[in-house]
Structures are given as C-alpha cells and as structure tokens.
Amino acid sequence: MTTSAILRGMNPQQCQAVTAGDGPVLVLAGPGSGKTRVLTHRIAYLVQERGVRAWHIVAVTFTNKAAREMENRVVGLLGGSGQLDGLSIGTFHALCARILRVEADYTPLTRDYVIFDTDDQLSVMRQVIAELNLDPKKNNPRTLLNAVSAAKNELIGPAEYQPRDYADEKIRRVYVRYDELLRENNARDFDDLLMHTVQLFREHPDVLERYQRRYRYILVDEFQDTNMAQYVLVRLLAGLHRNLFVVGDPDQSIYAFRGADYRNVQRFREDYPDAQVILLEQNYRSHQAILDAAMGVIDQNPDRPKKKLFSERKQGPLIHVYEAYNEDDEARFVVETIADLVARGEYEPGDFAIMYRTNAQSRALEEGFRRANMPYRVVGATAFFGRKEIKDVIAYLRLIHNPDDNVSLQRIINVPTRGIGLKTLETLDTWAADLGTTAPQALMLLLDENVDAPFTGRARHALTAFAEQLAEWRAVRDQLAPDELMTRVLNDTGYLSYLDDRTEQGESRIENVLELRGYAEQYAGLPLSTFLEEVSLVSDVDTRDDDENRPSLMTLHSAKGLEFPVVFIVGLEENILPHARSISPERNPLATADEKEAARRAVEEERRLFYVGITRAKDRLYLVYATIRSLYGDSRANLPSRFLYDIPEKVREGAALSRRARADRDQEQFQALLRWDRGASLEDRPRRAGSARPAAATRFKGGDLVWHSKYGEGVVLSVKNSGDMELVDVLFPGDVGQKTIVADFLKRMEE
DNA sequence: CTGACTAAGTTTTTT
DNA sequence: ACTTAGTCAG
C-alpha cells in the first residue's frame, strides 16, 4: 500500500489532515465529512508511510462501538499483518482502567479494585445519606451524585473541594464520605478512573514519562465531547511529543449534561497556538435541502463561527413536515410512509430510522409497527448489563474477586433468599465496624466457630453457611474459567430456579443470564478480573444483529455518528424538543439570572440535538409534530417546536406551522386515525381504549388565544388533563407571566 | 422474612 | 401510564 492508495478518493482538506506533520492538529469537521475515515486513514498513514510503530499510537473514542469500528477500518486498510501489533484503540475509561491496574502500587487502591456503575454508586450514596442523617426527601441521591461527579470531572478531589455556601458544604461532606466508602469497598466509579489517572500522572512524573514515551501519537475522536478530566489527561500524555490529533464538531456537542465541554476546542487552540487547524466542510452524506435545513437551525445558536455546509449531491426532495393529530397518528404516518416507500421499491426497510427525544416516545411508535406487522428494531433501550439478574450474577463474581466489596455483598447476600434479613445485616455492619473491618471481611470471620459474634442460632447458621459457600468459590476461583465459575455459582445458589416464576419475564431473565454465561465463555483462560473489568466497561453484549433489514427506532442521542437514507424525527413540539426540563426557567418570572442563563445553554444544546438528527438523513427527511400528546398519563397540547420555524420555507413542504391547527385538518386526521384504529387486532383493543381517549379530550390547545377575567388576554402554551379537570398553561403579558388555569375559567377569543 | 401495598418520580447516555 | 423504591401487615 502506498500513500496514494491511502488517500484515494479524498478531497484536499482530508488529505491535508491525514498527512499532517508532527505536532498538534485540530480538525474541525462538519457532519458527514468523513471524519472517522480521516482518523483511521491517518493511523494507516502513520504506520505505513511514516514508519511509526503501531505500539506508539493510541486512538481514543467515547464508545466501544466506535472503537471497534475504527479498529476494523484500520485492519481493513492495512490487513491483519503484524504491523498493527500493539495498536491501542479504545475508550478513555478503558485506557485509564488499564493504567490504574498496572500502576496500582502508586495508587491508594489495590489491583483487585472493582468498578462501580451507576446502580452501585446510588446505593453507596444512599448509605452516605443515611450515615450523615440527611433528610432523604430533600436529598436526592442522584442529585448528590451529579454534584460529586461534576467535581470529579473538574478534577477536584474531596480534599480540594471548596464550599462557597452551606449547600456546597453539605456536598463536601457527602463527597468526603462517598469517597471513603468507595475506598472501603476497594472500588472506583467511572469518574474516578479519569481523575485518579490524572492524579497519578501529576504526582508521579516518572510514571507519566513512561506513558508519554509509549504513546507518541495520540488521536481523539469526538473531541467536543471531552470533559475537563479527559482533556487534561490527553494534554499530559501528549506533553513530551506533542503529537496530538483531535477531531471534533462543536455543533454536535450534545453531552454537556454529563460534563462534556465543547470549550475544550477553544482551550486546545489556546494551549497549542501552533496547532494546525483543518476544516472539513464538505458533506458527503446529505443533499443540499437537508443541509440548508440543518444550517437554518444551527445558525440560530450564537457564539459560534458560522459554518457553510455544502454538498455536491444534486438537490433532493424537500423536507416534509407533518402535523399529526396525536402520537398514534404520528405512528400511523411513519408506518404508512415507510410501507409506501418500500412498496414503491425505492427503499428497503433497513433504510429508515425514526428518532425521538425521549425513550418513552418509542411506545406509541412500537405499537404502530406491531399493528402493521412491520418488524422494527429499538436501538439501545434497555442496557443488558443494567438488568437486575445480570447485575446479581456479576455481584456474586465481584464478591468472589474482591473481598471488600460490601455493595455487592448487600446486593446478593439474600438473593435468592437465604434467611438473612435486614436486622441481621445491620448487626453484621455494626459488628464489622466494632472490629474495624468491613462487612464482607467480618462475615468470613464466622468460619471460625470460636469467634465471638453477636448472632443467635438461626442467623449465625445462615451467615456461616453463606461464608462457607463464598470460601469454596474463592478456593476454586483461579482454577475455573469465568464461565465455569459462573455455572458453579448458579448451581450452588439455585439462582435460575429463583428466576423461574413461570412468567414470560422470568423466562427472559433466565435467557439473559445464560447469554451472560455465553459471553463469559470468551474469557476462558483469562483471569476473572479481566472479565469483570470488561463487563464494567462494555455497555452491551455485542450480539444484536446490526444487519437485520428493518427500521431502527432510537433517541436523537444514540443517532450520533449514524446515517440513514430516510429519517423521521418525531415529537417536534415545545416541551418535548426542546424538552420541558430545559425551557421551564425561561418563562418563570421567579427564575434567577443564573437559571435563565442555564436554560439558554440547555436550549442551545437541544438545538444541536435537532441538528444532529437532521444531518443523519441522506435522501429524505420527515419532521413530525403532534397537536395532542399523551405522556406520563396526561394528555397535553403543545405548540410546534420553535426549531421548526428556523427551517427555511423554501426547503420544506407540508404542514404550515400556523399557531393554530385548522379544525378541518384535525377532522380529516381524526378520521384517518379511526380507520387505522379499526384495523387493530382484537387483542389490541382493550389496551387501545386508554390511548384513544385523549383525542376528544381538551377544549383548548397550544396557540389558542384566551381571555381570563382577572389577567385578560393570554396565549395557551399547553393543556393537560388531570383527572376530569382540564388544566391550561397560559402565558399572560407583562409581569403576570405563566399561570396554570382550570379550563372552565377561560374563554376562547377569536383571532 | 415475605408478599402486597403506596408513594414518588419519571431527559438525554457512556463508561 | 408505568415503573420502582420504600413501608407495612401477615
């Protein structure tokens, strides 16, 4: 392979990026500009043309999926020959986990540490709340966890945390205790992996230097999604050779809510003033109408350089906007459009994607697909490793592996039930505390019959039996492969029969556990720790069929990085996209300036999310909103999303986006919905009763002008049914602002 | 200690 | 509407 082969078919900017010389490089790429291709081809170029040993290259991504794809592409370019030996492609977390394990001597935890996921973190946090006597009603463990996580992302350890007010002081105490508890469990959370690696490097320059010498070329994908800790880590690693190659698109930054900071792009420019900056603006995915729509939407965000996306593809069909009656009509429109396009032979089922803001929205769509007997696929809805049965089995293995893992012990000590109740556990905890050890360690002391423990006959017996069991497993841990150990645990505990409750769910739980065991078989010959680490750092078992030819349903977030010939974006309503959570302070007269500023940034992120969705489409784009939507048991009438109005009229067709939907149009759609409903199978009918109700339910809807005897004229923002009351959110002019009013007190005004 | 009830809370997601 | 964590009677 020669340079020309690596560069074949690339435009000048892409070539420039691939062949850029040593030193810092920032590639600012638009959607569909082939940025992953640039990264993989650069790796091939470095190895092939510049003679860099693959061992000296590390490419960092955010998901295992992206890492896998990148690896496949590089292997595809250079073949499976030995020249790729030692190439590191992986996520930030996997890289850090490996470093921390190898360098355990320099860190406070041992090599055996386990990684706590969100569930485990929550249970630690609940313990913290209990210990510190905080009011569990006012202290949501998730909120506290977010605060701690934010601090860790900013590389602020518990000792460095500087409280500015009382609320902060509480967080500081929580953080300190939370951190202590993690250490007692010999555990780290995901944020720790990053923060502790940075700390390790800062405190031990000699260790850092070893890694700097090893990783001479560092490539980062989706750079706009890095948080502070990740950025600092990368900067440290690149400190010696400065061969840092980052690729990103600030307009596609949609993970600020979990600490990502697209300003890292700006920081990079400041920290590396000599960096080469390469722009990739040509789009190879979508035709111009779609790009015009995308630019119309994103250009409304201030503080960003205006980008000009252009395509050489000829103009395609206009963007179709459809006003659905409600979420069922929305589903009907999607399903019928797909059926139609497939029947005309223009597309295959796998060419379609339906994207929405929240997972809850998939329900109505799925029902529509089922009703039409059209197969579909939901992307990433329920994480395999998040399932209770999977977590239980893994907790057993973790406890066998890590003698200090109290969180896992608590999780499974009575699952399946073995007569160890709350009281007994409490006693165990106190006893352990008195002995100055942890509960799992104390438990093992019971193996000595002579030990003086505060348990009476039955409890002592149950605990001892469990301790003996645990000791047996630990004794065989190193002789058995992970899947064999798992089988042993399943048999000894009767876990599968515990799951078998003769329901469909029970059956699928058993299948899940068996699938996990199948997954573990791949780790034959590897230590249990490798398996456990992988399980913590991999989000899903890689067995789902990607290539089944069926439409995909997914959230806008999980659509990033993908492309489809035909894309539907549904639920384009105020309160859905942008989501109510991000706009609520906007109209609240009591919101502080800070809150309003936060809301503004949140809405900008929602806008980027819509932008990401639009730019996934290659040929056809359908944008759908509903005038009435049932969500969380209420039915609400929302206005069309503000973002829709930013799509230039000349590239769209269909619904007119008037403030008020026309009555005749409603009528027509309502009839279509009824016809569709009649087609439902008999089994579906009872279930349908509930969701058909909202159709006739509200007297007002978003955009209506109303009159109130006290506040005067106002405009309806949304309507919801609560019990048999219709509650209307109305915006009044001046200081009055938004009020929620019972429909009976409102009079409709004609425009 | 278990099964049944009640209250709460439901954005996005990876690791 | 629906799940799920927490509480309480059997």
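Each chain gets a letter, A, B and so on, in the order its sequence line appears, and its residues count up from 1. None of the values given here were measured: they were computed from a predicted structure. Computed over heavy atoms, backbone and side chain alike; hydrogens, waters and symmetry mates excluded.
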Rounded interatomic separation in angstrom, taking [atom1] from [X] and [atom2] from [N]:
| X | N | atom1 | atom2 | result |
| --- | --- | --- | --- | --- |
| A:D191 | B:dT14 | CG | P | 16 Å |
| A:D192 | B:dT15 | CG | P | 18 Å |
| A:Y255 | B:dT14 | OH | P | 6 Å |
| A:N64 | B:dT15 | CG | C1' | 8 Å |
| A:F610 | B:dT12 | CZ | P | 19 Å |
| A:I413 | B:dC1 | CD1 | P | 11 Å |
| A:I254 | B:dT14 | CD1 | C1' | 12 Å |
| A:L194 | B:dT15 | CG | C1' | 8 Å |

For nucleotides 2-9 of chain B, print each protein N/O atom paired with a nucleotide N/O atom at under 3.5 Å, atom names and distance only.
| from | atom 1 | to | atom 2 | distance (Å) |
| --- | --- | --- | --- | --- |
| B:dT2 | OP1 | A:T417 | OG1 | 2.9 |
| B:dT2 | OP2 | A:N414 | ND2 | 3.1 |

Between A:N359 and B:dT12, is there a side-chain N or O to OP1/OP2 distance below 4.0 Å?
yes

Under-4.0 Å side-chain N/O to phosphate OP1/OP2 contact, A:T358 with B:dT10:
no

Return the set of residues passing ring-ring contact (aromatic ring centres under 6.0 Å, His included) with [X] (not counting sequence neighbours), or none when no residue passes.
| X | value |
| --- | --- |
| A:F531 | A:Y523 |
| A:Y211 | A:F201 |
| A:F62 | A:F92 |
| A:Y356 | none |

Counting side-chain heavy atoms from CB outward, which of [options] is closest to [X]?
| X | options | value |
| --- | --- | --- |
| A:S558 | B:dT15, B:dT11, B:dT13 | B:dT13 |
| A:T555 | B:dT12, B:dT15, C:dC2 | B:dT12 |
| A:T63 | B:dT11, B:dT13, B:dT14 | B:dT14 |
| A:T424 | C:dA5, B:dT12, B:dC1 | B:dC1 |
| A:F190 | B:dT13, B:dT15, B:dT11 | B:dT15 |

By side chain to side chain contact (heavy atoms under 4.5 Å, CB included) - contacts of [X] (at least two apart):
| X | result |
| --- | --- |
| A:D189 | A:Q121, A:K152, A:Y178, A:L182, A:D191, A:D192 |
| A:S88 | A:V58, A:R98, A:R214, A:Y215 |
| A:N72 | none |
| A:N140 | A:R142, A:T143 |

Not counting sequence neighbours, which residues clear side chain to side chain donor-acceptor pair (under 3.5 Å) with A:R183? List them please.
A:D179

Is A:F257 touching bases, backbone alone, or none of the nucleic acid, heavy atoms closer than 4.0 Å?
base

Return the 5'-most residue of the pair A:R142, A:L556 with respect to DNA chain B, ranking by each residue's nearest nucleotide.
A:R142

How about A:R111: does its CZ atom have over 12 heavy atoms from other parts shown lying under 6.0 Å from it?
yes

I'd like to know whether the aromatic ring centres of A:Y255 and A:H557 sit less than 6.0 Å apart in this structure.
yes

With the criterion being N/O to N/O and under 3.5 Å, what pairs connect the protein with nucleotides 6-10 of chain C, and how long is each?
| from | atom 1 | to | atom 2 | distance (Å) |
| --- | --- | --- | --- | --- |
| C:dG6 | OP1 | A:R126 | NE | 3.4 |

Is A:N264 reaching over with its side chain to a backbone N or O of A:Y231, donor-acceptor style, under 3.5 angstrom?
no

Sorted by number, the residues of residues 90-99 of chain A with heavy-atom contact under 4.0 Å to DNA chain B:
A:T91, A:H93

